[in-house]
Amino acid sequence: MRLFLGVTFVYAGLQKLFDPGFLSPGSPTYIGTQLNAFAAHSPIGFLITAVALPLPLFTGAAVLVGELGIGALVLLGIQTRLAAAAGALLNFVLFLTASWTVQPYFLGSDGIYTVAWITLAVVGDQGLLRAGPFLLRQLGLGQGRPQPPTLDPGRRRLLLQLGGAAVGLVWVLSILPRRRTTATVSALPSPSPAPSATPLVSPSPTGTRIGSLTGLRSQGFLRFNDPATGDSALVVQLSSGNVVAYDAICTHAGCEVDYDSGSKLFVCPCHGAEFDPAHGADVVAGPAPSPLPSIKVEVAADGSIYTP
Ligand code: FES
């Protein structure tokens, strides 16, 4: 388990390090976009808003360095318990943000990672396969004597109690009812059919005006709030000329998707799901379980776009 957790954290850190969009504002995978989505759906959204959102680059860099550092320490067996506790804390924050709206809870990965890290923090590395003493000797930083592999009974009991309480907390939070969002798996409608071809011009459109064709063409997409659900939504014009709109809340875990005008896909910044607006917003990549719900739109003769 130590090897798995360590390698996974190093891999996650490297993936962010080599993602050119992770620290680039405007990119679909930009950390600031992810933080915005987390702030909207997480029970610690107020903390994200107050602490992380004002400093998105710092937050992104801290997560990246944290994952690399924790993974490396655990793999090398240096301060394994402390590193595992830091890993548990990081995954717990991800559980409360990135995985919070994934229901049932066992479909989200961060909760079980938190439990695994807590377990490693409790049992430690047992003195096995530790590079710490060797490295300390090489660096001339002391004897680097191996730590005793076992704890005294009192400390061991305390650690077990703390670990058990932490796992219990994660479990209780996992099964708490969530504020309903259209992104929870259980609340989703069945996969939406491909949108009917929206006539370029409707003779008598009704409803709420959400923008104009001119604005849509100059920007490549328009974002609006669906009056029916209050959700963020996106409208785009397909190469066929049809204008289509979809709910912009990712069906995986509730992040807000963006439109990538290069690939002409909706892209989720949180875990990389991609949806094709030309084919009913079908999932073409990533972990999303179903397409984005479609929203009816009509275009008036003057180019205004309406949703009923
Ligand atoms: Fe996970 Fe969108 S929320 S891919």
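As the structure is a prediction and not an experimental result, all values here were calculated from the model. Indexing begins at 1, ligand by ligand and atom by atom, following the structure's order.
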- Message: Taking side chain to side chain contact (heavy atoms under 4.5 Å, CB included) as the criterion, tell me which of Val93, Asn91, Leu94 meets it with Thr114.
- Response: Asn91
- Query: Does CZ in Arg157 sit with more than 12 non-hydrogen atoms of other residues, nucleotides or ligands closer than 6.0 Å?
  - Reply: no
- Message: If we ignore hydrogens and angles and just use 3.5 Å, is the side chain of Tyr306 paired with the main-chain N or O of Ala300 as donor and acceptor?
- Response: no
- Query: Within a strict 4.5 Å, meaning less than it, do heavy atoms of the Phe275 and Cys250 side chains meet?
  - Reply: yes
- Task: For atom 2 (Fe) of ligand 1, state how many protein N, O or S atoms fall inside a distance shorter than 2.8 Å.
- Result: 2
- Item | Side-chain touch Val284/His279, heavy atoms, less than 4.5 angstrom | no
- Query: Can you name the closest pair of heavy atoms from Trp117 and Val74 and give their distance?
  - Reply: CZ3-CG2, 3.6 Å
